[in-house]
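Given the structure is predicted, the values throughout are model-derived calculations rather than measurements.
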Number of protein chains: 2
Amino acid sequence: MPYVAAYPSAVDNATHYHATAEAIGEFMNSDAFSTKQRIIDAAEHLFASHGFAGASLRQVTSSAQVNLAAVNYHFGSKENLINEVLRLRLDKLNADRLETLKTALAAPSLRLEDVLAAWIRPALAASAQEKGGMAFVRILARAYVEQSEHLRTFLHQNYGHVLRDFIAALGRLLPTLDKQELYWRFDIITGALTFAMADYGMIKRRNLGAEQYRDLTAEHLIKFAAAGLRAG
Amino acid sequence: MPYVAAYPSAVDNATHYHATAEAIGEFMNSDAFSTKQRIIDAAEHLFASHGFAGASLRQVTSSAQVNLAAVNYHFGSKENLINEVLRLRLDKLNADRLETLKTALAAPSLRLEDVLAAWIRPALAASAQEKGGMAFVRILARAYVEQSEHLRTFLHQNYGHVLRDFIAALGRLLPTLDKQELYWRFDIITGALTFAMADYGMIKRRNLGAEQYRDLTAEHLIKFAAAGLRAG
DNA sequence: TTAGAATTCAAACGTGCGTTTCATACGTGC
DNA sequence: GCACGTATGAAACGCACGTTTGAATTCTAA
């Protein structure tokens, strides 16, 4: 009968069931092994590599080893599934950003690089997350590109305050910089970040691990962005 | 019988027919009014706003006011149409870039900003082109995001030399900068540019015309990028 | 003017899509 | 043990897709 949740919020792994070693295998239908979660994991990967339109529910459910009808049962529709997939990761990303910014602001001395790091590092961390992080970030870039006004307003309404906080912090550190100019430059930074997150560049990873690569990317981006912001 | 062209190259408006005022209307099947061209124009717009997977041939042919079968007749398949749409614009963009770079290199004094301008301005000009330029550039960003390895190698093989020329020019202007470091930074710049091209940013255009907006964007990008490249 | 090629057209092809249905299995409280 | 809400399953729905077909039309050149 369900997908009742007329307004869905995150994966409702409400059954906060503490799995012991023996219990695993007896009750697979919880937490990370639930049908819902398996669908979300599979959807993240497939949306990321084939796009929202390009990835079919048959691919998703097959990859998740779940019945085709499960998506409509648990999420109501494909579109709701897409929203769910986005919301889950975005909530965490922006919470991370705000927390990192707060910590930076509380420190005795605040440098431009600290604010930029609070914007950039959580994003790249999300993209390097063990389970489908890369996928999420490609989804994000794709969402930008798919450019549906609906999604744009969704992002603005739900995470606009995060943006405002960062702009304000940067503005305080660059008191002589024109407000409009600051908007432009932050826009540039975010564009570069989005591409960097998705690993679209031409840079070869060489023999670096994912973590080292992520840290290197962050380092370069922060340095570059700081110099750009300070440009006369 | 045709789409014979086993290897398609640009729109074969081979019939270089000089239209006089009276002739227009008599022979609509040439140049800008040909079925092929109408399909390409419509496809650019629809691919840009709905994605390659999201835009159907029925939408394309309907928008082009052309029979459904025309795409398969003239292009062979949807995929060939996509390639054609990309190639046409990319050829021009990269030719423009190389020409602008050549001019800059021939000038008595060469600044970092000149090389950056040669990379950035033609791209933004393409995006502000009267007929579907904006669409093209969204397609490009989308192509990046869709991330098919096939397309990536296509871009690399066909336009890799352009990239190399620019990197070389920048390298000469920044002799103290590490090569790897240069790659990283050029990557960042191109990411930012791609987003700027597609107008994905949050900046409001205000009451600017497309040209002024494009020029402003270029100005900001070049300034920012130059500062970033020069960062110690 | 006319044969032959190039193009357009309406219609249909098979395939895969998102979604719905309804029957069956499972889990939990009485 | 039974009943009832929850979840899964197999199958089908109607629809839109890319592509193909073969006839009708238009163009071109002898």
Quiz prompt | Nucleotide nearest Ala69(A) (side chain, heavy atoms from C-beta), chosen from dT19(C), dA10(D), dA7(D) | solution = dA10(D)
Quiz item: Given dT8(C), is OP1 or OP2 found less than 4.0 Å from the side-chain N or O atoms of Thr35(B)?
Solution: yes
Quiz item: Please give, in whole Å, the distance from dG18(D) P to Phe75(B) CZ?
Solution: 15 Å
Exercise. Give a yes/no on whether any side-chain N or O of Asn72(A) is located under 4.0 angstrom from OP1 or OP2 of dT19(C).
Key: yes
Quiz item: Do Glu84(B) and Lys36(B) sit within salt-bridge range, that is, some charged N less than 4.0 Å from a carboxylate O?
Solution: no
Exercise. To the nearest Å, give me how far apart CG (Leu68(A)) and P (dG9(D)) are.
Key: 11 Å
Quiz item: Rounded to whole angstrom units, what separation is found between the CG atom of Asn80(B) and the P atom of dT19(D)?
Solution: 9 Å
Quiz item: Between dT19(D), dT19(C), dC9(C), which nucleotide gets closest to the side-chain atoms of Lys78(A)?
Solution: dT19(C)
Quiz item: What integer distance in Å separates Tyr73(B):OH from dC9(C):P?
Solution: 12 Å
Self-check item: Pair Lys92(B) + Asp96(B): basic N to acidic O under 4.0 Å
Solution: yes
Quiz item: Between dT8(D) and His74(A), is there an OP1 or OP2 to side-chain N/O distance shorter than 4.0 Å?
Solution: yes
Quiz item: Where each residue is assigned the nucleotide of DNA chain D containing its nearest heavy atom, which of Arg58(A) and Val66(A) is assigned the position nearer the 5′ end?
Solution: Val66(A)
Self-check item: Among dA11(C), dA11(D), dA10(D), the nucleotide that comes nearest once only the side chain of Asn67(A) is considered
Solution: dA10(D)
Quiz item: Given dC17(D), is OP1 or OP2 found less than 4.0 Å from the side-chain N or O atoms of Ser56(B)?
Solution: yes
Quiz item: With under 30° as parallel and over 60° as perpendicular, where do the rings of Phe52(B) and Phe47(B) fit, or are they tilted in between?
Solution: perpendicular
Practice problem: Would you please classify the geometry between the Trp184(A) ring and the His220(B) ring as parallel, tilted or perpendicular, with 30° and 60° separating the classes? | Solution: parallel
Practice problem: Between Leu57(B) and Gln65(A), name the one whose nearest nucleotide on DNA chain D is closer to the 5' end. | Solution: Gln65(A)
